[in-house]
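Counting starts at 1 for both ligands and their atoms, following the listed order.
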Amino acid sequence: QVIISPSMTLSNLATQMDINMNTLLYALRDIESNNKLDQESFVSAETAEILAHEFNCLPTYPQKEAKFPLRPPVVTIMGHVDHGKTTLLDSFRNSNICASEYGGITQSIGAFSMKTSSGGIITFIDTPGHKAFTNMRARGAEITDIVILVVCATEGVQPTTLESIRHAREADVPVIVALNKIDLPNADANRVELQLLDAGVELEKFGGEVMSIQISAKKRMNLDQLEEAILFKSELMDLRADKTGFARGTIIESKIIEGRGSLCSLLVQKGTLKPGDNLVSGNVYGKIRFILNEFGEQLKEALPSQAVEVTGLNDMPDSGNDLIIVSSPAKAKAIADRRKNEKEREEAEKKEKEVKIVLPKLSYQERRGLRTQKTNMIVERLKDELEQVKAGAELNAFRDLKKIKDKLGKGMSFEENLEKIQEMFSDKEEKSINVFLKAQNFGMLEALEDSVNILGREKNVPIRIIQSEVGAITSQEIEFAKEQKGVILCMDLRIPRNVMAKAQKLGVAIKSHKIIYHLLADVNNLILDFTEPLY
Ligand code: GDP
């Protein structure tokens, strides 16, 4: 949590968010054009709030909260399949159409707001209940205020009913039970209520706080009672939001409509959303062109708890992502770009890690694929290196190639030099480089084995893999390596101290690295040492 005040300094903000000043200044550089900021500079509430979001902190304005106006409840309907969720939503939606002065057709925008007969407003989230919970937890901000748990009065509590109860409890969202299909002759509300009690739902009837309404979604029985229960609960919850200032909210759904670009439904949770606003959500941004309600009518603004559809974004933002409005298009782009870069970096990092962890679990076929990919990369790299020799470029990175280059005649043509390189390697055929391969698991071992073989082939040097095994190096292996005049190549393994001591004593080289390229660089050096004495 970060408490935002109108006059706060950067150092105050950094302390509250528990981050390093430089990190904060770095992030700020993308958002503010003023380069002369330091820790004593003041930040605007808007910037502070954006930064809080960037660093996963929850911005709050405690001193004002109580005076904010009431806002409508946001409701999600959950329950077991076939218990009547869709029918209930449809009934609400249809009564909504009648209530609308336009009497239009609602479009599915993932949410809709309805006016009850008593004049209250309720916003229903119209995506499958579980998705609403799993996807829509944007940085701890739940979008649902109340869950309507639909339970069929003939079938009673079912697995998904229990799951829904658990979801609601975990999210700390209150439940109202709708006992559905009471129009059916075999409906047994009492039995189902006892089942619910068993499942830990403390119904009012049994002294608890959970309201339970008997309805028929299909025959539209007691729906007004359910509406009133929702409004009553929401009053108790005292749901309020500041409707001044830039909007904050959550993305519900988005899609691309041919010819219209991206269309995105969202829930406003705070502030007022207006056409022309510069929106950012994740790494998607844009100037809002139109704000539409579920009837497709253009709106001049959208207030807290209102679900609307907007156009004008450059792409489809992810469901459940939060959205912010900033003061200029440039700022919106800068924030989105920054997040995009961050995301790409994270994904690249994750990918790197994944290859390592996933390798042993892959099928043989998949492993082959990965290995081919890896070895192809190495081959490509080696080709590159040769090209550089060809171009006579300065080579700093690879000792071996530098050495080769030093050996090459300055006045000779590339072809002549290439011949010389080949000579260097081919004269050594009767001998070989003897290696022992060790790795933590078979996946790594195979990758290493392949790469070493390819390197040997590419450089035309006989590399003999004497032994290739998984697991820590043993002292027997050191002795064997000594006997065979071999080098031990060890990938991502800890070397026991006594083994290391023995290797040092016997003069056996152990090359140990976490990354295959580093190990292969060592192999390159071995190749070079192997060809060296010729000249
Ligand atoms: P969902 O899977 O939870 O969305 O369930 P549906 O809304 O699709 O309803 C499943 C079936 O139950 C449909 O055939 C509905 O017509 C029927 N149904 C829903 N509500 C009622 C009700 O109140 N009474 C009766 N008799 N049938 C209902």
Find out whether I125 and I77 are in side-chain contact, i.e. whether some heavy atom of one side chain is under 4.5 Å from a heavy atom of the other.
no
Are any of the N or O atoms of A217 closer than 3.5 Å to those of ligand 1?
yes
Any protein heavy atom lying closer than 4.0 Å to atom 14 (O) of ligand 1?
no
Check each atom of ligand 1 against the heavy atoms of V81 and keep those under 4.0 Å away; list them by number with element.
2 (O)
Protein contact to atom 20 (N) of ligand 1 [nearest heavy atom, distance to 0.1 Å]:
N180 ND2, 3.1 Å
min-distance protein heavy atom vs atom 27 (N) of ligand 1 -> K218 CD, 3.5 Å
Going by the order shown, which atoms of ligand 1 are within less than 4.0 Å of some heavy atom of L184?
26 (N)
When distances are taken from atom 5 (O) of ligand 1, the protein heavy atom at minimum range is G84 N, 3.1 Å
Identify, by atom number and element, the atoms of ligand 1 in contact range of H83, meaning under 4.0 Å from any of its heavy atoms.
3 (O), 5 (O)
Between Q306 and T123, a side-chain donor and acceptor under 3.5 Å:
no
In terms of residue, atom name and distance, what is the protein heavy atom nearest to atom 2 (O) of ligand 1?
D82 N, 2.7 Å
Can you tell me if E155 and H83 form a side-chain donor-acceptor pair at under 3.5 Å?
yes
Nearest-neighbour protein heavy atom for atom 4 (O) of ligand 1, which is reported as residue plus atom name and distance
T86 OG1, 2.4 Å
Identify, by atom number and element, the atoms of ligand 1 in contact range of H80, meaning under 4.0 Å from any of its heavy atoms.
3 (O)
About how many Å separate CG of D224 and CD1 of I215, when rounded to the nearest 0.5 Å?
11.0 Å
Residue and atom name of the nearest protein heavy atom (relative to atom 6 (P) of ligand 1), distance in Å to one decimal
T87 OG1, 3.5 Å
Sub-4.0 Å atoms of ligand 1 with respect to non-hydrogen atoms of S216
22 (C), 23 (O), 24 (N)
Which is it for N186 and K181 under the side-chain hydrogen bond (donor to acceptor under 3.5 Å, both in side chains) test, yes or no, and what are the steps along the way?
CA-CA 9 Å; N186 56 339; K181 306 196 192 183; over 6 Å; no
With a sphere of 6.0 Å drawn around CZ of F232, does it hold more than 12 non-hydrogen atoms of other residues, nucleotides or ligands?
no
Among R220, M221, K181, which residue places a heavy atom closest to atom 22 (C) of ligand 1?
K181
Salt-bridged, D145 to R71, with N to O below 4.0 Å?
yes
Please check: side-chain N/O of R93 versus main-chain N/O of L88, any donor-acceptor pairing under 3.5 Å?
no
For N314 and K287, does a side-chain donor sit closer than 3.5 Å to a side-chain acceptor?
no
Where is the nearest protein heavy atom to atom 25 (C) of ligand 1: which residue, which atom, and how far?
D183 OD2, 3.6 Å
Any luck finding a side-chain donor-acceptor pair between S118 and E228 under 3.5 Å?
yes
